[in-house]
Every structure is written in structure tokens, then in C-alpha cells.
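Note sheet for the following structure.
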Amino acid sequence: MTPSPLQSSPLASESSLAGHPDIQRVRDFLLDLQARICAALEQQESAGGGNARFVPDDWTRAEGGGGRSCVLQGGTVIEKGGVMFSHINIKNLPASATARHPQIAGAKAQALGVSLVIHPNNPYVPTSHANVRLFVAEKEGQAPIWWFGGGFDLTPFYPAEADCVAWHQVAHDLCQPFGEDVYPRFKTWCDEYFYLKHRDEQRGIGGLFYDDLNTESMGWDFEKCFAFMQAVGNGYLQAIVPLFQKYQDKPFGEREREFQLYRRGRYVEYNLVYDRGTLFGLQTGGRIESILVSLPNLAGWSYRQEWDEGTPEARLTEYFLKPRDWLN
């Protein structure tokens, strides 16, 4: 399934693109990225004998702009996956934005991005998340204030060390053209960001996370920041497809399924309590179905669930869910 271009829908005229060719270029990339990710994941679904497809759902919002939510549910390989594009206008910026950037209080803004979460059926295939976005705020008579954000991260249930290394190798390699310090900086930020404080536990094995990426923070101009967005967006597919190919047909039983649902509960806790994107969406009156599409259809919470020492389930938290340098 390849979504039809949003430019042909009413959404395009409702997003303020006039005078912002760079925003249009970013938008074009994001729509193409969404289509390519959906197509690649549908190919994995077909390879596993399934016929489920991403169903596109175009939407608009009263304040301006809209998006396309592409959701696959009940597949043979993917239990639930959402690949979401949005481009919205914001007249009243929420506290989640102005608290970190008080200079944009009272400004009008645009936010556009692609965000995805994929929950596979097979417990040996990790849950994965990626997000790339651009935010532009404008006050009359002042130059626009802009920044990029995003990244990707992996939440495995039965990880293998070689796969963790491969995931981080992709992250490292895409960062290299932008500077030696980029991967360690954004890798550490990812470890710190995807952390469940109330559990004293990492959400997964990390990857990359960055925010507020602009000339002021990194010394990069718009073109270089946009190039990094593209590298991260394209890097997600490069990193995740091999894991589907390797594990989507691996046999599993009730024990593995139970553990998968139990660990999904942690994912739900994080997204509802800490995730900055969820908070931003709720504070801006976002579309609830699109904001909460990251949550799995099924998850579990067992009271004081314990796993025997030395089991793969115990090793997940004892070894893998600790910040570490996977490449050295």
C-alpha cells in the first residue's frame, strides 16, 4: 500500500506553507518516508503469510492542518502498527513547548512529523519506535524560530547481543558524516530519555534521541539539520527490517507470549507518563486516536511478577536494560 499524496487533499491548503519552501520540502520527505515505511512493513507481513495492510485515515483539525494516520491491526507478523504523519497549525502553544522555549510564548507555530510504533506478533521481534519532526514558531516582525527532533529506539523482549550491536551500528554510521560526537551524544540522550523513573528501568536498549536541533544548539544550518532528519528516518528501516527477517517466523509458546504482554505494560506506562510527544499532543488538543495509536491492543500487568534467575526473561532486565556502550 502506498498512500496517495496528501498534497492532493484539502489538508495542503489548510497548512500555512506560503513563504516557507523549506517546510514544503520537509513535508514532501515526510510523506514519502511514511509511504516507504508502510510499504516495507507490508512486505514483511506478506513474507510471513499475512495479508493485513495499513489503512490510511486522513483527518483535519479546526485550528488548521491535519494528517494521515496509517494503521495495521491483526496481521500475521504485525499485531498493531501505526505510521502517522501530521502537519498542524498551533495558535496557542502549550506549556510543554513554552517551558523549554519561553521566547516563543505568544507565537503561532507549525509542527510536522512522522511518528511510528510497531508491535509485532512474535515476541522475538522487538517493538520499535521512530519519530522525525520539525517545529517552526513565528512572531510578527521576527525571524522564524525552528528546530528539529526525533530518533529511533528498540524495545526487545528476548534480545540477542549481536542484534543490539547491529541496531546501534546503524545509528552510529548514520551519525558519522555529521561529526564524531553526534552518535555518543544522541545515544546517551536516548538512554536518559527512555527511562522509567518509577521502575528504575530502561524502556529498551536505546538508539538515538535528539531535540531542539538547530543552529543555536549544534551550529548546523537548516540544510544540515534537515539532512540529519533524513538520515535518521531512512536509518530506521535499515535497522528494523533485518530483525523482522530474522525472527518473525521463529516458533514461540505461551511463556514467551505472556512475557511479551507483561513487558508491553511497561511500554504503556512510559508512553502515558513520560513521553513528550504524547504530552504535546494532548496539550494542543490533538487527535486522540492518533496520539494513542502507539499503545498495543493487548498488554498485561501481573502483580509482583518474578522470573527465575538465569532465565531469558530475567536476563532482559539484569543485563540488556542497562545503559551500555554496545559498540565497544
Side chains of [X] and [Y], heavy atoms from C-beta outward: is any pair under 4.5 Å?
X: Thr278; Y: Leu282; answer: yes
X: Lys322; Y: Gln202; answer: no
X: Val232; Y: Tyr210; answer: yes
X: Trp326; Y: Glu161; answer: yes
X: Ile78; Y: Phe244; answer: yes
X: Pro156; Y: Phe320; answer: no
X: Ile205; Y: Asp163; answer: no
X: Leu208; Y: Tyr183; answer: yes

With a 3.5 Å cut-off and no angle check, do the side chains of [X] and [Y] form a donor-acceptor pair?
X: Glu79; Y: Gln73; answer: no
X: His198; Y: Tyr270; answer: no
X: Asp212; Y: Ser217; answer: no
X: Ser290; Y: Arg68; answer: no

Between [X] (side chain) and [Y] (backbone), is there a donor-acceptor pair under 3.5 Å?
X: Asn297; Y: Lys80; answer: no
X: Gln34; Y: Leu31; answer: no
X: Asn214; Y: Trp146; answer: yes
X: Arg61; Y: Asn89; answer: yes

For the rings on [X] and [Y], is their centre-to-centre separation under 6.0 Å?
X: Phe259; Y: Phe157; result: no
X: Phe186; Y: His172; result: no
X: Phe148; Y: Phe222; result: yes
X: Tyr267; Y: His119; result: yes
X: Phe228; Y: Trp220; result: yes

Hey, are [X] and [Y] close enough for a salt bridge, meaning a charged N less than 4.0 Å from a carboxylate O?
X: Arg263; Y: Glu201; value: yes
X: Arg25; Y: Asp22; value: yes
X: Arg276; Y: Asp211; value: yes

Go through it in stages, so that I can follow the logic: the residues are Val55 and Val71, the test is side chain to side chain contact (heavy atoms under 4.5 Å, CB included), and I'd like the CA-CA distance, side-chain angles, deciding distance and then a yes or no. CA-CA 5 Å; Val55 177; Val71 179; 5.7 Å; no

Nearest 0.5 angstrom please: Ser294 OG to Asn271 CG, how far? 4.0 Å

Find the distance between OG1 (Thr155) and CG (Leu321) and round it off to the nearest 0.5 Å. 8.5 Å

Check the pair Tyr158, Glu313 against side chain to side chain donor-acceptor pair (under 3.5 Å), reporting the backbone distance first and the verdict last. CA-CA 7 Å; Tyr158 290 94; Glu313 292 82 6; 2.6 Å; yes

Go through the steps for Ile37 and Leu237 under the test side chain to side chain contact (heavy atoms under 4.5 Å, CB included), then give the verdict. CA-CA 7 Å; Ile37 290 174; Leu237 276 180; 3.9 Å; yes

Step by step, work out the side chain to side chain donor-acceptor pair (under 3.5 Å) result for Asp153 and Tyr193. CA-CA 11 Å; Asp153 64 284; Tyr193 182 71; over 6 Å; no

Kindly determine whether Gln238 and Asn234 satisfy side chain to side chain donor-acceptor pair (under 3.5 Å), including the steps that lead there. CA-CA 7 Å; Gln238 183 183 349; Asn234 294 331; over 6 Å; no

Would you say Leu316 ends up clustered with Phe252 if hydrophobic residues are merged whenever their side chains have heavy atoms under 4.5 Å apart, either directly or through other cluster members? yes

Shared hydrophobic cluster for Phe152 and Phe178 (ILVMFWY, side-chain gaps under 4.5 Å): yes

Show, in sequence, the C-alpha distance, side-chain angles and deciding distance for Leu292 and Leu272, and conclude whether the side chain to side chain contact (heavy atoms under 4.5 Å, CB included) test is met. CA-CA 9 Å; Leu292 299 184; Leu272 293 181; 4.0 Å; yes

Using the side-chain contact (heavy atoms from CB on, under 4.5 Å) rule, pick out the option among Arg255, Gln260, Glu254 that qualifies with Arg257. Gln260

Go through the steps for Arg53 and Ser46 under the test side chain to side chain donor-acceptor pair (under 3.5 Å), then give the verdict. CA-CA 9 Å; Arg53 295 293 179 264; Ser46 297; 2.9 Å; yes

If every non-hydrogen atom of Leu134 is compared with every non-hydrogen atom of Val26, which pair is closest and at what distance? CD2-CG2, 3.9 Å

If I compare all heavy atoms of Tyr247 with all of Ala160, which pair ends up nearest, and what's the gap? OH-CB, 3.8 Å

Verify side chain to side chain contact (heavy atoms under 4.5 Å, CB included) between His129 and Phe194, making sure each step is shown before the conclusion. CA-CA 11 Å; His129 160 257; Phe194 292 107; 4.0 Å; yes

With salt bridge (charged side-chain N to carboxylate O under 4.0 Å, His left out) as the test, would you mind laying out the steps for Asp191 and Arg203 before giving the verdict? CA-CA 9 Å; Asp191 290 336; Arg203 188 172 84 170; over 6 Å; no

